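Notes to accompany the following structure.
Residue numbers start from 1 in every chain, and the chains themselves are labelled A, B, ... in the order their sequence lines are given, proteins ahead of strands. Source: prediction; values computed, not measured.
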Amino acid sequence: MVGYQKIEGRIPEQEWLSCGHLACPGCGEKLAMRLALKALGKRTILVVPAGCSAVVDGMFPHSSSMVPFLHTAFETTASAAVGVRAGLDVRGVDNVTVLAWGGDGATFDIGLQALSAAAERNENILYVCYDNEAYMNTGIQRSSATPWGAWTGTTPYDHPKDRPKKDMMAIMAAHKIPYAASASVAFPEDYVNKLKKAKAIFGTRYVQVFSPCPSGWKTPSDISVKVARLAVESRIYPLYEIEYGKRYTITLDPGPIAVKEYLKLQGRFRHLTQAEIDQIQHNVDETWEELLEKVR
Amino acid sequence: MGYRKIRGVTPPGQYFLQGDEACAEGAVAAGCRFFAGYPITPASEVMEHIVRRFKDCDGVFVQMEDEIGSIAAMIGASWAGAKPMTSTSGPGLSLMMENIGYAAMTETPLVIVDIQRAGPSTGQATRPGSGDMLQVKYGSHGDYEIIALSPWSVQEIYDMTIRAFNLAERFRVPVFVLSDEGVGHLRENVTVEQEVTVFERDKAPGQPPFHTDEPGGVPPMPCFGDGEKLLVTGSTHDPFGYRKTQVSEVHERLVSRLVGKIRNRADEIVDTDSYFLDDGPDVLLVAYGITARAALSAAKVLRDEGQKVGLLRLRTIWPFPERVVVESAQKCKEVVVPELNQGQICREIERLLDRDVISLPQTNGETMKPTKIIEFVRERAVTQP
């Protein structure tokens with residue numbers, strides 16, 4: 001199923017994220033949250049650690065999220081979400097989605113222990129990682145989600161990141177949780193469908209949504225969606241689901257295009273030589289083949 | 001071994017630096033070659049600057065996965081023979097607490113830079129506070145002592161960071177450069193000298209690494225790979241590091257020594273600075289960090305008005321400068337403590353003086369203005385001509 005197809009489903013019109021947030025222009029995270037709250041609806045409780053999303057929500061009474069918001073310690077997102085779920089269980093409330101919402105730093109790095117523990121116990125939470133591939137809130141430092149070759153404050157141009165991005169989807173799949181999916185803000189119907197599907201499942205559900213960061217990626221603020229789309233088309237960020245750690249489904253594959261088309265738009269990759277771009281292309285092709293293997 | 005003078009890695013001269021950058025320069029000058037860090041406002045610049053400097057002097061920097069990872073890596077590096085440092089702020093410090101107690105128990109030299117921001121919790125990340133004054137000393141469980149220094153200028157954070165490394169190695173203890181966002185993000189001139197005094201670890205092969213017969217003494221510290229059989233544990237241990245978790249006397253002796261090696265040598269560590277104390281002022285201001293600058297301005301203005309006001313500035317917070325505080329306060333009618341918390345150090349002074357001490361707290365995420373102290377002293381502290 002190569003190329004664009006019609007995606008069934010509609011984006012709900014009701015907004016649960018108001019205007020007036022403090023995010024930078026072109027922020028992928030805010031788009032991701034807006035769509036997530038549309039998909040999940042009013043009966044959602046947000047659990048958010050330190051990171052951009054805790055800061056840019058805004059200050060009371062001007063906060064932009066129209067659902068309850070628990071801003072928790074950086075390393076404890078999943079644990080705090082587990083507690084919220086337990087509290088609801090004590091009260092017999094079972095029609096609320098507990099939505100843990102962390103960036104890649106909070107998810108791949110500092111919060112991994114809490115998330116792994118919750119997933120292993122199959123706690124009834126929906127964890128969304130908005131993945132912008134670095135620590136943006138503290139001024140752009142590398143995370144384990146930063147891709148090979150990328151610039152950040154702590155992986156400077158003369159010494160860019162020399163390790164591949166951590167395969168967080170595989171880590172979550174290894175926990176045999178009922179549902180894990182990758183998504184992108186450039187494909188809102190696909191993303192919303194995944195969240196709706198996740199909402200209906202009991203247990204730990206993990207959705208990793210690709211969220212461009214114009215400030216951190218050194219891109220103009222009006223091309224965030226374009227960059228996100230190219231990431232999927234170039235198969236750098238494939239869109240797929242993993243059910244119970246073994247059933248892999250690619251939900252959308254509009255590509256392929258050359259990775260160069262994606263890389264050349266971003267300042268964080270501007271130092272790459274042709275040989276390095278070829279290396280990235282090779283790595284992406286190889287990873288794609290591995291994914292196809294799992295789908296079969 | 002012990003104190004010696006070395007040639008600094010930074011060419012001598014005048015530099016215009018941010019407080020965080022000067023801190024990193026001081027670390028490099030003192031021989032720090034390992035930094036384990038995790039980004040946090042307003043301390044990230046220490047990390048960013050030291051990374052730039054490490055390129056010239058073959059240092060090792062690791063961006064860790066979190067703050068407890070940072071301090072754990074420092075502990076490992078210290079036992080492997082490096083002089084390690086990290087920089088953080090309140091939330092990161094909270095996460096380090098378990099390993100701060102571990103470092104105190106295992107007598108591991110570390111330097112932790114805390115650029116304090118307005119807490120509790122996430123608080124106001126970009127704004128100054130002094131809310132960690134007690135946490136650095138009491139944050140981990142059990143009885144232990146640490147050393148904490150409080151700079152008030154960019155020059156002083158440079159000098160104190162060097163001293164922090166020396167004290168850490170000298171006393172085998174975690175040392176805090178307990179600064180604040182006010183100093184950390186301030187830009188001022190810094191004079192870098194040609195020579196730097198550093199303390200090199202006494203390794204003393206064959207000696208027990210966790211005991212000395214000298215009362216309140218500091219045992220020598222060998223490193224991994226030096227040929228010593230080393231066992232390092234946070235459990236109660238005997239002079240050679242063997243776990244003794246059921247023997248009362250061993251625990252009593254160990255904990256008493258951990259505390260005693262700092263308390264009994266307080267005079268060697270404690271450092272203060274005073275202004276207008278010679279004529280026995282009516283009002284004594286006791287201040288530290290960025291707030292001491294406002295207190296000095298206030299004292300000058302009040303002096304010009306004819307009020308007898310003096311300032312005692314605490315350059316060391318822990319061990320607490322008990323003797324100097326008691327002596328300085330003896331003839332004063334009032335003691336006023338302006339600070340960017342709800343009276344943390346005021347309470348410590350009250351304990352010492354056994355009399356009422358006036359707290360001037362401020363927890364609004366801003367540095368204190370001299371006018372606040374001036375007006376407070378005019379109104380509250382009753383002075384007699």
**Study point:** Region of B:I68 in contact with chain A, defined by heavy-atom distances below 4.5 Å
**Key:**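 When you check distances to chain A, no heavy atom of B:I68 falls under 4.5 Å.
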Review point. By a 4.5 Å heavy-atom criterion (distance strictly below it), what part of B:P39 contacts chain A: side chain, backbone, both, or neither?
Key: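 Contact with chain A is through both the backbone and side chain of B:P39.
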Considering residues, nucleotides and ligands other than [X], do more than 12 of their heavy atoms fall under 6.0 Å from its [atom1]?
{"X": "B:Q124", "atom1": "CD", "value": "yes"}
{"X": "B:R243", "atom1": "CZ", "value": "no"}
{"X": "A:H159", "atom1": "NE2", "value": "no"}
{"X": "A:D167", "atom1": "CG", "value": "yes"}
{"X": "A:R85", "atom1": "CZ", "value": "yes"}
{"X": "A:R121", "atom1": "CZ", "value": "yes"}

To the nearest 0.5 angstrom, please state how far the [atom1] atom of [X] sits from the [atom2] atom of [Y].
{"X": "A:Y135", "Y": "B:Q63", "atom1": "OH", "atom2": "CD", "value": "5.5 Å"}
{"X": "A:T154", "Y": "B:F61", "atom1": "OG1", "atom2": "CZ", "value": "5.5 Å"}
{"X": "A:Q113", "Y": "B:E65", "atom1": "CD", "atom2": "CD", "value": "10.0 Å"}
{"X": "A:D109", "Y": "B:M64", "atom1": "CG", "atom2": "CE", "value": "10.5 Å"}
{"X": "B:M47", "Y": "A:Q141", "atom1": "CE", "atom2": "CD", "value": "4.5 Å"}

Review point. Which atoms of A:H71 come close to chain B, meaning under 4.5 Å heavy atom to heavy atom: side chain ones, backbone ones, both, or neither?
Key: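 Side chain only.
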Review point. Are the side chains of B:L95 and A:I110 in touch, meaning some heavy atoms are under 4.5 Å apart?
Key: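 With C-beta onward as the side chain, the pair touches.
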Exercise for review: Would you check if B:T122 and A:F74 make a side-chain contact, meaning some heavy-atom pair closer than 4.5 Å?
Suggested key: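 Sidechains of A:F74 and B:T122: no contact.
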